[in-house]
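Structure record follows, encoded as structure tokens.
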Amino acid sequence: ELRTPLYGVVGLTSLMLKNNDLSTKDAKYLKSLKYSGDYLLNLINDILQVGKIESNKLELNNVSVKIKPLIQNIIDSFEYRLEESNNKIHLSIDERLPEFVVCDKVRLTQVLFNLIGNSIKFTENGNIYVRAILLDTINENANIRFEIEDDGMGIPKDKQTMIFENFSQLSENINMNQQGTGLGLTITKKLIE
């Protein structure tokens, strides 16, 4: 019930952004609205996800997914934040990747969304590199490595364990660009595990 109205907000905003008759000002407002809707939707998903993971009720739902458009759609959802932070995303997708893969689309999207979102959040006037690399194929299984790299501030060695704990963040004195709940990396780590 929390997510359904947000799907409408994000979906309708996306449709309105495709209208070529928008003024620059209106397009900027709609991009801001879409980013806010995506952010709130992600926050709700994170809170619900923590509950499922901690109660061992998380089930993977594997479906056939076109991997390249999936990655591109995730990156496209950050367009407003990229403009706002003056960052650029450089996407590199291995040409050998199969067109379709069977995976849990929702979980994979959540992991990539959290990692890319963190890179953008802690980088200004910089670069974020998103890579999907085919390591090998064994029978019908494709082993794909996803890499997210940025030239932002980085994570101090003494904080690298702590940031994977629920509601943990690098600093109490974060600015508005670095707002968050401290759940993204916790969920990402648990989903990967």
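Note: hydrogens, waters and symmetry copies are ignored here, and every other heavy atom, side chains too, is used.
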So, are Glu99 and Lys68 salt-bridged, with charged N and O less than 4.0 Å apart? no
Using a 4.5 Å cut-off on heavy atoms from C-beta on, say whether the side chain of Asp94 contacts that of Leu97. yes
Do Ile75 and Leu112 touch side chain to side chain, with heavy atoms closer than 4.5 Å? no
Less than 4.0 Å between a side-chain N and a carboxylate O, is that true for Glu193 and Lys190? no
What's the shortest heavy-atom distance between Ser85 and Ile120, and which atoms? OG-CG2, 3.8 Å
Quick one: are Leu6 and Thr4 in side-chain contact, heavy atoms under 4.5 Å? no
Regarding Asp76 and Gln72, is there a side-chain donor-to-acceptor distance under 3.5 Å anywhere? yes
Could you tell me how the ring of Tyr35 sits relative to the ring of Tyr80: parallel (under 30°), tilted (30 to 60°) or perpendicular (over 60°)? tilted
Single-linkage hydrophobic cluster Leu33~Phe78, side-chain heavy atoms < 4.5 angstrom: no
Between Tyr7 and Leu41, is the side chain to side chain contact (heavy atoms under 4.5 Å, CB included) condition met? List the steps. CA-CA 8 Å; Tyr7 289 137; Leu41 187 58; 3.6 Å; yes
Main chain of Pro69, side chain of Asn73: is a donor-acceptor contact present, judged purely on distance under 3.5 Å? yes
Side chains of Leu17 and Leu15, heavy atoms from C-beta outward: is any pair under 4.5 Å? no
Hey, could you give me the CG/OG distance between Asn114 and Ser119, rounded to the nearest 0.5 Å? 11.0 Å
Quick check on the hydrophobic clustering: are Met16 and Val10 connected, directly or via other members, by side-chain heavy-atom contacts under 4.5 Å? no
Going by atom types alone, do Asn87 and Thr123 pair a side-chain donor with an acceptor below 3.5 Å? no
At what distance, to the nearest 0.5 angstrom, does NZ of Lys105 lie from CG of Asn61? 12.5 Å
Can you hop from Ile71 to Phe100 via hydrophobic side chains spaced under 4.5 Å? no
For the atom pair CG (Asp151) and CZ (Phe122), what is the distance rounded to the nearest 0.5 Å? 15.0 Å
Within this structure, what is the CD1-CD1 distance for the pair Ile144 and Ile93, rounded to the nearest 0.5 Å? 10.0 Å
Run Lys34 and Glu79 through salt bridge (Lys or Arg N to Asp or Glu O under 4.0 Å) and show every step you take. CA-CA 10 Å; Lys34 183 175 184 319; Glu79 184 180 345; over 6 Å; no
Within the 4.5 Å heavy-atom criterion, are Ile89 and Ile116 side-chain neighbours or not? yes
Distance-minimising heavy-atom pair for Val101 and Pro98: CG1-CG, 3.9 Å
I'd like to know if the side chain of Asn143 reaches the main chain of Thr137, judged simply by a donor and an acceptor atom lying under 3.5 Å from each other, with no hydrogens or angles considered. no
Would you indicate whether the side-chain heavy atoms of Asn127 and His90 approach each other to under 4.5 Å? yes
For the side chain of Arg145 and the backbone of Ile133, is there at least one donor-acceptor N/O pair under 3.5 Å apart? no
What I'd like to find out is whether the side chain of Tyr129 reaches to under 4.5 Å of the side chain of Asp150, using heavy atoms alone. no
Contact check, side chains of Ile148 and Ile128, non-hydrogen atoms, under 4.5 Å: yes
Group every Ile, Leu, Val, Met, Phe, Trp and Tyr by side-chain heavy-atom contacts under 4.5 Å, then state whether Ile187 and Ile192 land in the same group. yes
Is a side-chain N or O of Arg107 found less than 3.5 angstrom from the main chain of Glu59, in a donor-acceptor match? yes
Transitively linked via ILVMFWY side-chain contacts under 4.5 Å: Tyr29 with Val9? no
Hey, what do you get for OG (Ser14) to CG (Leu30), rounding to the nearest 0.5 Å? 9.5 Å
In sequence, state the C-alpha distance, the side-chain angles, and the governing distance for Asn118 and Leu185, and then conclude on side chain to side chain contact (heavy atoms under 4.5 Å, CB included). CA-CA 9 Å; Asn118 266 13; Leu185 290 180; 3.3 Å; yes
From Cys103 atom SG to Ile67 atom CD1, the distance as rounded to the nearest 0.5 Å: 5.0 Å
Give a yes-or-no answer on whether the side chains of Asn62 and Asp104 include a donor-acceptor pair shorter than 3.5 Å. no
